[in-house]
Amino acid sequence: MLTLQILREQTLTVIDGLKKRNLKDAELLVGQILENDKLRRETQGTLDTLKAKLNVDSKKIGELMKGGKADEATALRTAVAADKDKIKILEESLNDFEKRQLDLLYKIPNVPAPIVPSGKSAEDNINVHQHGDTPQLLPDALPHWELIKKYDIIDFDLGIKISGAGFPVYKGKGARLQRALINFFLNEAGNAGYKEMQPPIVVNEASGYGTGQLPDKEGQMYFVNEDGLYLIPTAEVPITNLYRDVILNEEELPIKNVGYTPCFRREAGSWGAHVRGLNRLHQFDKVEIVQVSKPEDSDRILEEMCLHVQGLLEKLELPYRKLLLCGGDMGFNSAITYDMEVFSAAQQRWLEVSSVSNFGTFQANRLKLRYKTQEGKMQLLHTLNGSALALPRIVASLLENNQTPEGIRIPKVLVPYTGFEIIN
RNA sequence: GGAAGGAUGCCAGAGUGGUUGAAUGGGACGGUCUCGAAAACCGUUGUCCGACAUGUCGGACCGAGGGUUCGAAUCCCUCUCCUUCCGCCA
């Protein structure tokens with residue numbers, strides 16, 4: 001969430017930024033917060049003055065009691081009672097202002113960075129980079145949902161039997177390919193200086209709030225009611241929350257972590273004709289890179305993370321494009337997001353396989369993730385993350401793009417991981 | 001699942017209801033000493049909110065939330081978490 005400081009000091013910038021997201025009531029919301037903030041501060045002022053008086057009087061009563069002046073003490077005691085009533089009322093009112101402040105802050109998305117274009121939907125995203133030729137397939141080329149049946153490597157029906165739709169079973173070389181990709185991605189990140197982490201894949205409520213899945217997005221996560229735990233929609237949640245309520249030393253920065261986890265998404269109401277096969281699943285595998293950096297470094301680091309992801313796609317010989325998301329298509333928490341999309345030849349579609357984002361202080365503010373500057377000042381850090389990479393759509397495009405009459409060719413870089421060169 | 005104990009500052013660890021934001025020790029930082037270091041000695045060691053002011057003043061914070069009281073780290077209630085033992089088990 002945005003800090004009050006930003007809202008107070010950069011009000012117009014915030015409103016302009018929010019308009020890029022097509023947030024309807026930007027002025028209204030910001031105005032409500034500032035008004036509430038003003039009232040909150042006034043209330044606290046009078047409350048603090050009263051409390052200061054109470055503290056002095058209490059001390060005085062103590063001294064009177066000690067000095068054996070019980071009468072005077074009793075008199076003062078009755079005088080204090082009136083103040084206590086006032087304090088109680090003011091405290092309630094202060095609580096209300098604080099609660100309302102939080103409610104309002106939760107409603108406001110992050111302010112898009114200056115380079116983010118305004119726009120309503122994916123139509124308005126900007127293609128900033130494209131790499132690789134889209135492959136020409138034979139006329140009898142198959143989409144991946146046919147290929148996985150033909151070679152018996154991913155089985156949706158078995159998944160339906162034991163779990164439900166959107167929970168495929170990977171078999172034989174299909175399972176092996178999954179494992180190969182995960183290892184490849186983890187090793188590449190390790191070589192790039194990321195520390196490998198293996199976090200839990202269920203998280204508590206506080207973690208959901210920390211990275212911004214809660215409130216409001218409960219419906220997208222699986223919830224274990226009995227224990228109050230959420231199945232993670234991405235490794236971003238546990239890995240970023242490792243740094244909740246943490247004060248880092250400047251020398252530790254930037255933090256670079258990578259983790260592989262399964263990811264769970266309910267995807268309520270988002271099923272349609274274009275989500276066949278591996279395009280959208282309830283459970284999928286993903287390797288995620290997460291960084292925590294000083295504010296002045298995060299722009300550079302975002303680029304670095306993008307290049308890492310692009311490098312992976314190039315090594316896998318997949319044609320891809322890099323999009324700068326417009327305000328209307330960005331996630332709630334993000335200040336800048338680049339999406340990487342690979343071309344899936346048989347579907348003739350671009351598939352999003354990675355989303356690399358800089359959150360600025362938006363998550364850090366909720367997480368209370370800070371560091372102490374050399375001048376000894378507490379400062380919120382910046383958080384960033386990106387998929388590197390999400391498996392299912394990578395698999396879809398690998399299968400489709402590399403199909404030949406003899407079988408599906410495995411990219412050279414993966415062969416040491418799979419142990420085979422072709423799926424046939 | 002059963003039983004018991006606990007939660008205090010960066011860590012360890014005190015704390016009779018009334019200058020306790022909190023003893024003491026350790027660590028870290030600064031200084032003295034030294035060619036340098038160690039040791040020793042001296043000093044510093046919070047966060048959040050607010051008000052005027054780039055410093056001061058006020059308020060809050062001893063797991064969380066309530067309560068009792070003129071006054072709560074200290075008493076009472078609820079919740080959360082942790083540890084240990086037993087049971088079950090990968």
Side-chain angles (χ1 to χ4, degrees), chain A residues 1-9 33-105 198 200-210 214-215 223-230 238 241-253 255 262 361 363-381:
Chain A
M1 70 191 168
L2 296 177
T3 62
L4 275 174
Q5 194 191 5
I6 289 176
L7 282 160
R8 290 202 286 240
E9 293 173 5
I33 285 189
L34 292 179
E35 173 65 14
N36 188 73
D37 179 49
K38 190 171 151 240
L39 294 170
R40 192 198 97 241
R41 285 146 79 187
E42 287 169 6
T43 306
Q44 192 183 333
T46 33
L47 178 60
D48 284 356
T49 313
L50 265 179
K51 278 186 167 177
K53 182 166 176 286
L54 184 71
N55 285 341
V56 170
D57 287 345
S58 294
K59 210 165 281 182
K60 211 177 284 173
I61 290 175
E63 283 158 14
L64 289 171
M65 297 292 281
K66 217 176 279 177
K69 298 172 182 167
D71 290 352
E72 288 179 47
T74 315
L76 192 50
R77 223 177 270 180
T78 22
V80 152
D83 288 339
K84 283 191 67 181
D85 290 342
K86 283 188 213 156
I87 285 173
K88 184 140 199 167
I89 291 165
L90 283 167
E91 268 177 344
E92 276 164 16
S93 141
L94 183 63
N95 277 341
D96 289 345
F97 286 128
E98 281 171 351
K99 193 174 169 298
R100 180 167 157 79
Q101 172 177 305
L102 205 55
D103 286 346
L104 288 166
L105 285 173
Q198 212 174 90
I201 60 171
V202 294
V203 294
N204 56 29
E205 190 179 46
S207 296
Y209 277 92
L214 298 176
F223 182 57
V224 184
N225 190 46
E226 188 113 20
D227 302 287
L229 296 170
Y230 295 86
N241 270 282
L242 297 174
Y243 302 94
R244 173 152 46 83
D245 292 318
V246 166
I247 297 167
L248 290 165
N249 296 316
E250 191 168 0
E251 311 86 65
E252 300 175 83
L253 297 165
I255 301 275
T361 59
Q363 287 182 327
N365 188 31
R366 287 199 185 185
L367 294 162
K368 298 197 179 65
L369 167 55
R370 296 165 294 173
Y371 83 111
K372 199 173 253 186
T373 64
Q374 282 169 341
E375 299 83 54
K377 275 185 64 179
M378 283 295 174
Q379 190 134 63
L380 288 172
L381 288 161

Task: Value in whole Å for how far the P atom of B/rC29 lies from CD of A/E251 - done: 10 Å

TODO: Specify the residue among A/L76 and A/R41 whose closest nucleotide of RNA chain B lies further upstream toward the 5′ end.
DONE: A/R41

Open item on the list: Output the rounded distance in Å from CG (A/L94) to C1' (B/rA60).
Closed with: 10 Å

- [ ] Check whether any side-chain N or O of A/R370 sits under 4.0 Å from OP1 or OP2 of B/rC48, and answer yes or no.
- [x] yes

Task: B/rA39 - base-pair partner by Watson-Crick or wobble geometry, distances under 3.5 Å - done: none

TODO: Look at A/R8 and B/rG50 and indicate whether a side-chain polar atom (N or O) is within less than 4.0 Å of OP1 or OP2.
DONE: yes

- [ ] For B/rA53, give its Watson-Crick or G-U wobble partner with both distances under 3.5 Å, or none.
- [x] none

Open item on the list: Strictly below 4.0 Å: does A/K372 bring a side-chain N or O up to OP1 or OP2 of B/rU47?
Closed with: yes

Open item on the list: For the CD atom on A/E98, are there more than 12 heavy atoms of other groups (residues, nucleotides or ligands in this structure) within a distance under 6.0 Å?
Closed with: yes

Task: Pairing nucleotide - B/rG18, Watson-Crick or G-U, each distance under 3.5 Å - done: B/rC70

What pairs of nitrogen or oxygen atoms, one from the protein and one from nucleotides 55-59 of chain B, lie under 3.5 Å apart?
unit_1, atom_1, unit_2, atom_2, d
B/rG58, N2, A/D48, OD2, 2.9
B/rG59, OP1, A/N55, ND2, 3.1
B/rG59, O2', A/D48, OD1, 3.0

Task: Non-hydrogen side-chain atoms of A/I201 and A/P262 separated by less than 4.5 Å - done: yes

- [ ] For A/K377, report the nucleic acid contact type (base, sugar-phosphate, nothing); a contact means any heavy atom under 4.0 Å.
- [x] nothing

Task: B/rC48 pairs with, by Watson-Crick or G-U criteria that keep both distances under 3.5 Å - done: B/rG59

Task: Whole-Å C1' distance, B/rC82 and B/rG27 - done: 24 Å

Task: A/R40 with A/D37: basic N within carboxylate O range, under 4.0 Å - done: yes

Task: Nearest-Å distance once atom C1' is located in both B/rU20 and B/rG36 - done: 43 Å

Open item on the list: I'd like to know if the side chain of A/S207 pairs up with that of A/N204 as donor and acceptor (distance under 3.5 Å, no hydrogens or angles considered).
Closed with: yes

TODO: Decide yes or no for A/L214 and A/E205: does some side-chain heavy atom of the first lie under 4.5 Å from some side-chain heavy atom of the second?
DONE: yes

Open item on the list: Would you say that A/L367 contacts A/L381 through its side chain, given a criterion of any heavy-atom pair below 4.5 Å between the two side chains?
Closed with: no

Task: Distance between C1' atoms of B/rG63 and B/rA51 (Å, rounded) - done: 31 Å

Open item on the list: Return the pairing partner of B/rU80 with a 3.5 Å limit on both distances, Watson-Crick or G-U wobble; otherwise return none.
Closed with: B/rA7

Open item on the list: Rounding to an integer number of angstrom, what distance separates B/rC10 and B/rU19 when you compare their C1' atoms?
Closed with: 26 Å

Task: A/N365 CG to B/rC48 P, straight-line distance once rounded to whole Å - done: 12 Å

Open item on the list: Would you measure the distance from the P atom in B/rG25 across to the matching atom in B/rG43 and give it in whole Å?
Closed with: 11 Å

Task: Length of the line joining A/E98:CD and B/rG50:C1', which is rounded to integer Å - done: 11 Å

- [ ] Provide, to the nearest angstrom, the distance between the CD atom belonging to A/Q5 and the P atom belonging to B/rC48.
- [x] 11 Å

Open item on the list: Looking at B/rG50, I'd like to know if its phosphate oxygens (OP1 or OP2) sit under 4.0 Å from a side-chain N or O belonging to A/R40.
Closed with: yes

- [ ] For B/rC85, give its Watson-Crick or G-U wobble partner with both distances under 3.5 Å, or none.
- [x] B/rG2

Task: Short side-chain to backbone donor-acceptor contact, A/R77 and A/I61, under 3.5 Å - done: no

- [ ] Using a strict 4.0 Å threshold on nitrogen-to-oxygen distance, state whether A/E35 and A/R100 make a salt bridge.
- [x] no

TODO: Return the value, rounded to whole Å, for the distance between atom CZ of A/R77 and atom P of B/rC70.
DONE: 6 Å

TODO: Mind calculating the distance between CD (A/E226) and C1' (B/rG1) to the nearest angstrom?
DONE: 13 Å

Open item on the list: For A/K99, is there an ion pair with A/D103 - N to carboxylate O distance below 4.0 angstrom?
Closed with: yes

Task: Inter-nucleotide P distance (B/rG66, B/rG13), Å rounded - done: 29 Å

Task: Rounded distance in Å between the P positions of B/rG87 and B/rC77 - done: 32 Å

Open item on the list: From CD1 of A/I247 over to C1' of B/rU45, roughly how many Å is that when rounded to an integer?
Closed with: 13 Å

Open item on the list: Say we look at B/rC85 and B/rG31: how far apart would their P atoms be, to the nearest angstrom?
Closed with: 48 Å

Open item on the list: Closest-nucleotide mapping onto RNA chain B: is A/K88 or A/D37 further toward the 5' terminus? I mean the 5' end.
Closed with: A/D37

